[in-house]
Amino acid sequence: MDRGFLAWPFFEPRHRELADELGQWCADNLADRYADDLDSECRALVRELGAAGFLKLCVADGDRRPDVRSLAIARETLAYHSGLADFAFAMQGLGSGAISLFGTVEQKRAWLPKVASGQAIAAFAMTEPECGSDAANIATSAMRDGNEWVLVGEKTYISNGGIADFYLTFARTGEGEGARGLSAFIVPADAENLAVAERIEVIAPHPLARLAYGNVRIPADAIVGEPGEGFRIGMETLTLFRVTVGAAALGFARRALDEALSYASKRRLGSGTLADNAVTQEKLADMALAIDASALLVYRAAWQQDVGGTDNRRAAAMAKLHATDSAQSVIDAAVQMHGGAGVTRGVKVEELYRDIRALRIYEGASEVQRQIIARDLLKEARA
Ligand SMILES: Cc1cc2nc3c(=O)[nH]c(=O)nc-3n(C[C@H](O)[C@H](O)[C@H](O)COP(=O)(O)OP(=O)(O)OC[C@H]3O[C@@H](n4cnc5c(N)ncnc54)[C@H](O)[C@@H]3O)c2cc1C
C-alpha cells in the first residue's frame with residue numbers, strides 16, 4: 001500500500017503512528033478471516049476494535065469532537081483490509097455521532113464509553129420507506145406524553161439493524177414545517193414495541209434491517225438537543241462522517257490497485273506479462289492518478305474540518321463524491337485486468353466490486369453531493 005501520503009502537511013505525528021499501529025493490527029487480526037455468521041462476526045469485530053482501543057477515535061473526548069483525520073486514516077486502513085471491519089468501525093461513529101456533537105453530559109456518560117469499548121453497538125436511523133435522500137420529509141412521529149416520548153413509524157436500510165444496542169432515531173415532533181419539525185432521540189434496542197420487521201440482504205453483506213416503531217415509549221431525556229433541532233443534528237453528523245466515506249472508498253481503491261499491480265506483473269500475456277503491455281500500463285497510471293486525487297480531496301477536507309475553521313460542506317461533498325465515484329472506476333479496471341478471475345467469488349477484486357457500490361448511494365448519493373457543491377458555489381457567487 002502506498003503510504004507516501006502520510007508525509008503530506010495535513011498530518012501530525014500521531015496520525016502516522018495511528019496508520020502504523022492500525023495497519024499492523026489489521027495484518028495480525030483480519031487476514032484470512034472467514035465469517036459464517038454475519039451478526040456474530042460484526043459483534044466480534046466491534047468488540048475487538050474496542051478492546052484494541054481504536055473505537056475511542058469514533059467518539060467525542062469530553063467537549064473535543066472526533067478528529068476527522070484520524071477517522072479517515074482508520075477507515076482507509078480498515079477498508080484496505082476488510083469492508084466488514086471498516087463497516088463495524090464506521091457505524092460506531094455515525095450511530096453515536098449525534099451524542100458526541102450534541103448530547104448532554106449525562107447522555108455522553110451513559111453511552112460513549114460503551115461505544116468506545118465495543119460494549120454497545122450503535123446505529124443511525126434516518127431513512128424511511130418513503131423518504132431517503134429527502135430527509136426533511138421524515139414521517140415517523142414522536143409525541144410528548146407526560147414524562148415520555150412516544151414514537152410511531154418505520155425506518156429502513158438501517159445498518160446494524162438487528163444487532164445494535166441503540167438506534168439514534170430521527171422523528172417528527174412538529175415544531176415547524178419539513179426540516180424545522182424534526183428531533184433526534186436515543187432509542188434503546190430493547191425498548192418495548194420496537195421490532196426488527198425485516199432483515200435486508202445487500203450485495204456487500206452486513207447487518208441491515210427495516211425497523212417498526214409501534215408506540216415505542218422512551219424517557220423525556222432521551223431527546224438529543226432541543227425539539228426541532230433534529231435536521232441540523234442529522235446533517236452535522238453526516239457532514240462530520242461524509243469525508244470518512246470517501247476515505248473508505250480510498251482504501252478499497254488502493255487495495256484494487258495493489259491487486260491489479262500484483263496480478264498484472266505475474267499474468268503471462270504473449271512473450272511477457274500483462275504489466276508489460278502498454279494498454280495495461282495506461283490503465284494502471286489512470287488508477288494511480290484517480291487515487292491520489294481522491295486522497296488529496298479526502299485529507300484536505302479532513303484537515304479543514306479539524307483545523308481549518310471554515311465551513312466544510314463543499315470540501316466534504318467533493319471528497320465523498322470524487323473518492324467514491326473514482327474508486328468504482330478503479331475497482332472496475334482492476335476486475336477487467338483480472339479477466340475471468342475478476343468476477344470469481346473469493347477473489348479480492350470481486351469482493352471490492354461489491355463493497356464499493358453502496359458508498360455512492362448512502363450518506364448522500366452522488367447527485368446530492370453535486371447539489372451541495374453547486375448550491376455552495378452559487379451562494380458564494382451571489383453574495
Ligand atoms: C448498504 C446501505 C446502508 C445504509 N445504511 C443506512 C443507515 O445506517 N441509516 C440510514 O438512515 N440510512 C441508511 N441507508 C439508506 C441510505 O442513506 C439511502 O438509501 C439514501 O439516502 C438514498 O435514499 P433512497 O434509497 O430512498 O433513494 P432515493 O432518495 O429514492 O433516491 C434514489 C436515487 O435518486 C437520485 N437522487 C436522489 N436525490 C437526488 C437529487 N437531489 N438530484 C438528482 N438525483 C437524486 C440518486 O441517484 C438516488 O440514488 C443505507 C443504504 C444502503 C444501501
Side-chain angles (χ1 to χ4, degrees), residues 59-60 63 65-66 91 93-112 115 120 122-161 164-195 197 209-242 313 362-364 368:
V59 303
D63 285 337
R65 297 157 65 98
M91 284 315 303
L94 184 67
S96 67
I99 305 175
S100 281
L101 299 181
F102 298 95
T104 60
V105 174
E106 291 72 27
Q107 287 169 338
K108 287 182 179 174
R109 212 177 277 146
W111 289 104
L112 297 186
V115 171
F124 179 89
M126 180 175 268
T127 305
E128 300 182 353
E130 297 303 324
C131 139
S133 305
D134 191 9
N137 281 330
I138 280 175
T140 295
S141 65
M143 303 279 284
R144 189 66 188 258
D145 182 19
N147 260 345
E148 292 178 319
W149 291 98
V150 186
L151 276 70
V152 178
E154 226 177 34
K155 297 286 176 186
T156 193
Y157 289 110
I158 306 308
S159 295
N160 278 341
D165 291 288
F166 69 92
Y167 297 92
L168 204 298
T169 302
F170 296 86
R172 183 159 300 285
T173 38
E175 291 70 24
E177 294 285 301
R180 288 191 299 277
L182 302 177
S183 301
F185 300 92
I186 304 166
V187 181
D190 59 6
E192 215 174 313
N193 302 326
L194 173 60
R210 179 163 61 85
L211 306 174
Y213 298 68
N215 288 310
V216 175
R217 289 182 172 270
I218 50 171
D221 62 5
I223 190 166
V224 180
E226 296 296 320
E229 280 189 341
F231 189 78
R232 182 170 75 88
I233 290 173
M235 292 307 123
E236 287 203 21
T237 307
L238 287 170
T239 298
L240 178 73
F241 289 98
R242 183 162 289 147
R313 260 173 311 178
Y362 63 57
E363 295 185 44
V368 175

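Since this is a predicted model, take the numbers as computed values, not measurements.
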Query raised in the report: Between Glu192 and Arg217, does at least one N-O distance fall below 4.0 Å, as a salt bridge requires?
Result: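 Looking at Glu192 and Arg217, the cut-off is not met.
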Mind checking whether [X] and [Y] have side chains closer than 4.5 Å, heavy atoms only?
{"X": "Lys108", "Y": "Asp63", "value": "yes"}
{"X": "Ile186", "Y": "Ile218", "value": "no"}
{"X": "Leu238", "Y": "Phe124", "value": "yes"}

How many angstroms lie between atom [atom1] of [X] and atom [atom2] of [Y], to the nearest 0.5 angstrom?
{"X": "Leu101", "Y": "Leu240", "atom1": "CG", "atom2": "CG", "value": "5.5 Å"}
{"X": "Thr239", "Y": "Arg232", "atom1": "OG1", "atom2": "CZ", "value": "11.5 Å"}
{"X": "Tyr167", "Y": "Ser159", "atom1": "OH", "atom2": "OG", "value": "10.5 Å"}
{"X": "Leu194", "Y": "Leu211", "atom1": "CG", "atom2": "CG", "value": "6.0 Å"}
{"X": "Arg172", "Y": "Leu151", "atom1": "CZ", "atom2": "CG", "value": "13.0 Å"}
{"X": "Glu148", "Y": "Asp221", "atom1": "CD", "atom2": "CG", "value": "11.0 Å"}

Query - Neighbour count above 12 (heavy atom, 6.0 Å) for Arg180 CZ - result: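 Count not over threshold, so no.
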Query raised in the report: Can you tell me if CZ on Phe102 sees more than 12 non-hydrogen neighbours from other groups inside 6.0 Å?
Result: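 Above 12, so yes.
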List the atom of [X], the atom of [Y], and the distance in Å for their closest heavy-atom pair.
{"X": "Asn193", "Y": "Gly214", "result": "CB-O, 2.8 Å"}
{"X": "Gly132", "Y": "Thr127", "result": "CA-CG2, 4.0 Å"}
{"X": "Glu128", "Y": "Thr140", "result": "OE2-OG1, 2.8 Å"}
{"X": "Ala122", "Y": "Ser96", "result": "CB-N, 3.9 Å"}
{"X": "Cys131", "Y": "Ile138", "result": "SG-N, 3.7 Å"}
{"X": "Ala60", "Y": "Pro66", "result": "N-CG, 4.0 Å"}

Query raised in the report: Where the side chain of Glu236 meets the backbone of Gly97, is there a donor-acceptor pair that is under 3.5 Å apart?
Result: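 A pair under 3.5 Å: no.
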Query raised in the report: Any donor-acceptor pair under 3.5 Å linking the side chain of Trp149 with the backbone of Ala220?
Result: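 Between the backbone of Ala220 and the side chain of Trp149 there is a qualifying donor-acceptor contact (under 3.5 Å).
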**Report entry** Donor + acceptor pair across side chains of Glu175, Thr173 (<3.5 Å)
**Finding:**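 Note: Glu175 and Thr173 side chains meet the donor-acceptor criterion.
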Query - Distance-only side-chain donor-acceptor flag, Thr169 / Tyr213, under 3.5 Å - result: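 A pair is found: one side chain offers a donor N or O, the other an acceptor, under 3.5 Å apart.
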Query raised in the report: Of the options Val115, Asp190, Asn160, Val187, which is the one that meets Phe166 in a side-chain contact (heavy atoms from CB on, under 4.5 Å)?
Result: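 The option that passes is Val115.
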Query raised in the report: Between Phe231 and Phe170, is the gap from one ring center to the other below 6.0 Å?
Result: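 Centroid distance Phe231-Phe170: not below 6.0 Å, so no.
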